[in-house]
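Take a look at the structure below.
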Protein chains: 2
Amino acid sequence: MIEHTDLSQPIYLRLKDMIRNGELKQGEKIVQEKISELLGVSRTPLMKALLALENEYLVESIPRRGMFVRSLDEKEIFDIYICREAIEGMAARVLAIKKDEAVVKQLKACFMPFSSQSNIDLDAYTRADEHFHSLLIKLTNNAPLDKIYFFSNIHDKVTGHGLVRPPEETLHEHFKIINAIENGNADQAEKYAREHIEKSRILLNK
Amino acid sequence: MIEHTDLSQPIYLRLKDMIRNGELKQGEKIVQEKISELLGVSRTPLMKALLALENEYLVESIPRRGMFVRSLDEKEIFDIYICREAIEGMAARVLAIKKDEAVVKQLKACFMPFSSQSNIDLDAYTRADEHFHSLLIKLTNNAPLDKIYFFSNIHDKVTGHGLVRPPEETLHEHFKIINAIENGNADQAEKYAREHIEKSRILLNK
DNA sequence: AAATTGTGTTTTGTATACAAAACACAATTA
DNA sequence: TAATTGTGTTTTGTATACAAAACACAATTT
């Protein structure tokens with residue numbers, strides 16, 4: 001048997017990936033024995049992983065019926081973006097108050113490769129964008145805030161792996177947020193972070 | 001055996017109560033077999049309940065070591081209050097935008113019994129306060145927002161079941177929030193909701 | 001034909017069994 | 001005496017077993 005301290009961890013990651021890449025489709029029922037057989041584990045650690053995914057809004061449990069891959073309707077996507085506006089907005093505020101040079105440096109590093117390019121590699125920019133938004137939370141060093149920010153998982157599931165808006169539009173917005181943080185302008189940092197997400201929300205919701 | 005569809009649900013509620021009322025103390029290790037024997041259930045549904053509590057920040061798992069009742073230090077309390085400011089602030093904003101009479105009515109109902117009293121029953125006011133803050137979130141009808149607002153659990157654990165500030169101080173603040181919502185003033189509603197929590201945070205953190 | 005009932009199968013929820021890791025503490029060594 | 005090793009116990013993590021609920025679908029009734 002393989003070495004491990006906690007089998008549910010790799011199962012959790014694997015399932016998350018399966019949901020992301022479509023091996024498990026939206027709304028699909030997750031038959032526990034099938035998956036446990038597929039992954040070569042028992043139902044016990046699988047259950048643990050599924051519960052973690054349920055708490056991240058990726059999976060939905062209906063008692064006595066089973067676990068299902070969550071499928072999001074328009075209202076839920078709207079609501080999730082509202083949450084993101086609250087969380088990321090606050091994160092930007094916290095970072096602006098911190099005024100830590102190392103923080104600014106890391107944030108800037110995300111988009112440095114694109115600032116001088118005229119033709120932006122979409123794939124690379126998508127990864128940078130994801131990284132930036134996750135970093136914004138992590139750098140606050142606020143563990144509870146990080147804990148409630150699990151919607152990043154859902155983010156690209158919603159849009160089918162792509163960006164909601166083109167880099168030409170968002171690159172500048174990202175730098176506006178970073179600059180406000182650098183200048184220690186908390187109100188502006190929060191405002192820009194929110195507007196950035198709000199614009200995508202409005203676009204997704206019509 | 002007792003009728004049920006999901007045994008982990010009552011176990012979850014029982015454990016939450018045990019943490020609240022001190023039957024399980026901060027930092028205490030939760031020995032699974034002990035608790036499962038105490039509650040007359042097996043470890044399987046108990047584990048399910050413990051995982052739910054872990055995701056609510058009430059319990060902490062250290063792999064291969066066990067589950068422990070989470071004990072919060074000053075920084076964590078501070079960080080949780082930052083989260084509450086973000087979440088409740090946004091909730092107040094959403095409700096203000098909604099401008100739903102029924103919403104305002106329910107919020108007002110929380111504190112109506114106290115508005116004319118000169119001597120406020122502390123116990124009743126504490127319950128009303130809890131209800132108000134929970135209601136603020138629920139009435140947004142934003143399920144993801146509700147999902148990330150599990151810190152209410154922790155709130156009175158932190159303060160040892162009491163209020164951080166006296167009713168004489170907070171009652172007026174509550175009405176300011178409600179009035180802003182009633183008037184559809186989103187910016188003010190959010191601002192007042194935040195300041196209300198911020199004041200307690202500052203008090204707790206010195 | 002549509003609705004209902006019955007029956008065998010699947011799947012969940014719970015209990016239990018068991019190996020391996022963590023722990024406690026006495027015996028041993030430096 | 002302080003540190004280390006060894007040994008028996010406890011506890012976790014995982015697998016498995018089993019009852020009851022959900023399901024699928026054929027047979028029966030209206």
Side-chain angles (χ1 to χ4, degrees), chain A residues 1-19 22-71 147, chain B residues 1-19 22-71 147:
Chain A
M1 183 117 296
I2 301 157
E3 291 288 309
H4 59 262
T5 46
D6 182 16
L7 204 42
S8 74
Q9 189 63 15
I11 297 173
Y12 161 83
L13 292 170
R14 183 69 217 291
L15 285 175
K16 204 152 130 174
D17 206 52
M18 287 173 78
I19 293 172
E23 273 183 85
L24 290 169
K25 286 178 209 36
Q26 308 250 351
E28 184 175 339
K29 177 168 180 186
I30 297 171
V31 179
Q32 293 174 23
E33 207 144 359
K34 247 181 197 161
I35 303 291
S36 66
E37 200 185 335
L38 177 74
L39 303 181
V41 296
S42 80
R43 282 172 57 209
T44 312
L46 171 63
M47 197 60 199
K48 237 175 127 175
L50 285 173
L51 287 171
L53 291 168
E54 190 194 0
N55 284 308
E56 290 186 9
Y57 229 68
L58 281 172
V59 152
E60 196 180 2
S61 160
I62 303 176
R64 278 275 165 217
R65 289 297 184 73
M67 299 281 228
F68 300 82
V69 179
R70 202 181 256 283
S71 61
K147 194 163 184 65
Chain B
M1 182 119 296
I2 302 155
E3 292 286 310
H4 59 262
T5 46
D6 182 14
L7 204 40
S8 74
Q9 188 64 14
I11 296 173
Y12 161 84
L13 292 171
R14 183 71 217 288
L15 286 174
K16 206 151 131 175
D17 206 51
M18 287 173 78
I19 293 172
E23 273 183 85
L24 290 169
K25 286 178 210 35
Q26 309 251 350
E28 184 175 339
K29 178 166 178 187
I30 297 170
V31 179
Q32 292 174 23
E33 206 143 359
K34 247 180 199 162
I35 304 292
S36 68
E37 200 185 334
L38 176 75
L39 303 183
V41 297
S42 80
R43 282 173 55 211
T44 312
L46 171 63
M47 197 61 199
K48 237 175 129 175
L50 285 173
L51 288 170
L53 291 169
E54 190 194 359
N55 284 307
E56 289 186 9
Y57 228 68
L58 281 172
V59 152
E60 195 181 2
S61 160
I62 303 176
R64 276 275 166 218
R65 290 297 184 73
M67 298 281 228
F68 300 82
V69 179
R70 201 181 257 281
S71 61
K147 195 164 184 64

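Chain naming here is simple, since letters A, B, ... match the order of the sequence lines and numbering starts at 1 in each.
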Nucleotide-level pairing of DNA chain D, given in dot-bracket where Watson-Crick and G-U pairs need both distances under 3.5 Å and | marks other strands: ||||||||||||||||||||||||||||||
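- Taking a 6.0 Å sphere around CD of B:Glu28, one finds it holds more than 12 heavy atoms contributed by other residues, nucleotides or ligands.
- Contact annotation: the side chain of B:Leu38 approaches that of B:Met18 to within less than 4.5 Å [non-hydrogen atoms, C-beta and beyond].
- Among C:dA15, D:dA22, C:dA17, the nucleotide with an atom closest to any side-chain atom of B:Ser42 is C:dA15.
- Heavy-atom distances to DNA chain C give each of A:Arg65 and B:Pro45 a nearest nucleotide, and the one nearer the 5′ end belongs to A:Arg65.
- With rounding to whole Å, A:Leu46 atom CG is found 12 Å from C:dT12 atom C1'.
- Contact check for A:Ile35 versus A:Ile11: no side-chain heavy atoms found under the 4.5 Å cut-off.
- B:Glu23 CD: more than 12 foreign heavy atoms inside a 6.0 Å radius.
- Rounded to whole angstrom, the span from the CG atom of B:Leu51 across to the C1' atom of D:dT14 amounts to 14 Å.
- For D:dT14, the OP1/OP2 oxygens have no side-chain nitrogen or oxygen of A:Thr44 closer than 4.0 Å.
- Protein atom NZ of B:Lys29 is 13 Å distant from nucleotide atom P of D:dT10, rounded to whole Å.
- Comparing A:Pro63 and A:Ser8, the nucleotide of DNA chain D nearest to each residue sits closer to the 5' end for A:Ser8.
- Here the nucleotide nearest the side chain of B:Arg43, chosen from C:dA17, C:dT14, C:dA22, is C:dA17.
- Out of D:dT11, C:dA15, D:dT14, the shortest distance to the side chain of A:Asp6 is found at D:dT14.
- Within 4.0 Å (heavy atoms only), B:Ile30 reaches sugar-phosphate atoms of the nucleic acid but no base atom.
- For the pair B:Leu7 CG and C:dT14 C1', the interatomic distance rounds to 8 Å; values are reported in whole Å.
- Across all non-hydrogen atoms, the minimal contact from B:Ile19 to B:Val59 is CD1-CG2, 4.0 Å.
- A:Lys34 comes within 4.0 angstrom of no nucleic acid atom, judged by non-hydrogen atoms across all strands.
- The interatomic distance linking A:Lys48 (NZ) with D:dT12 (C1') rounds to 9 Å, in whole Å.
- Looking at heavy-atom distances under 4.0 Å, B:Leu50 makes no contact with the nucleic acid at all.
- Here the side chains of B:Lys16 and B:Leu53 are in contact, with some heavy-atom distance below 4.5 Å.
- Contact annotation: the side chain of B:Arg14 never approaches that of B:Val41 to less than 4.5 Å [non-hydrogen atoms, C-beta and beyond].
- As rounded to whole Å, 13 Å separates atom C1' of D:dG13 from atom CD of B:Glu33.
- The distance between atom CE of B:Met47 and atom P of C:dT12, rounded to the nearest whole Å, is 20 Å.
- Atom C1' of nucleotide D:dA15 and atom CD of A:Gln32 are separated by 14 Å, given to the nearest angstrom.
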